[in-house]
Amino acid sequence: MAENLTKRGSPVTPVTERTARAGEDDRVHLVDAAPVDVVDPARLRTRCGMGVLEVFNSPQEVTCIRCASRP
């Protein structure tokens with residue numbers, strides 16, 4: 001089965017600002033993500049350009065200086 005049924009049935013909007021983890025560091029980044037991206041964040045990039053490993057369900061304090069300084 002090549003199709004992700006969870007993702008297919010999930011809404012792709014609205015996109016909102018969320019916090020996320022990227023890479024092997026402990027920094028918390030900002031990302032624009034839809035609800036479905038919490039389940040599968042593979043297509044996302046943080047505001048500073050890193051690939052997203054995890055989108056957090058609850059807000060975290062942003063510790064990436066590059067993400068925090070971008071609008």
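Values below: every heavy atom of this structure, side chains too, minus hydrogens, waters and symmetry copies.
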Exercise: identify the closest heavy-atom pair between [X] and [Y]:
{"X": "G51", "Y": "A22", "result": "O-CB, 3.1 Å"}
{"X": "C48", "Y": "C67", "result": "N-SG, 3.5 Å"}
{"X": "P41", "Y": "L53", "result": "CG-O, 3.6 Å"}
{"X": "V52", "Y": "A20", "result": "CG1-CB, 3.9 Å"}

Are any of the side-chain heavy atoms of H29 and M50 separated by less than 4.5 Å?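 Sidechains of M50 and H29: in contact.
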
Might you work through the side-chain contact (heavy atoms from CB on, under 4.5 Å) test for V38 and N57, ending with a clear yes or no? CA-CA 7 Å; V38 175; N57 281 321; 3.1 Å; yes

Please evaluate residues R18 and D32 with respect to the criterion salt bridge (Lys or Arg N to Asp or Glu O under 4.0 Å), reporting the C-alpha separation (whole Å), side-chain torsions for both, the decisive distance (0.1 Å), and the verdict. CA-CA 6 Å; R18 295 179 182 256; D32 293 323; over 6 Å; no

Apply side chain to side chain contact (heavy atoms under 4.5 Å, CB included) to T63 and list each qualifying residue two or more places apart in sequence or on a separate chain.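 In terms of side chain to side chain contact (heavy atoms under 4.5 Å, CB included), with neighbours along the sequence ignored, T63 is linked to R27, V28.
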
Report the distance from atom OG of S69 to atom CG of L30, rounding to the nearest 0.5 Å.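 If we round to the nearest 0.5 Å, S69:OG and L30:CG are 10.0 Å apart.
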
Mind checking side-chain hydrogen bond (donor to acceptor under 3.5 Å, both in side chains) for R21 and listing every partner two or more places apart, or none if nothing turns up?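 side-chain hydrogen bond (donor to acceptor under 3.5 Å, both in side chains) list for R21, sorted by chain: E54.
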
Set of side-chain hydrogen bond (donor to acceptor under 3.5 Å, both in side chains) partners for Q60, sequence neighbours left out: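 Q60: no side-chain hydrogen bond (donor to acceptor under 3.5 Å, both in side chains) contacts found.
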
For D40 and D37, indicate whether the former's side chain and the latter's backbone hold a donor-acceptor pair under 3.5 Å.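 Not confirmed, D40 side chain does not pair with D37 backbone.
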
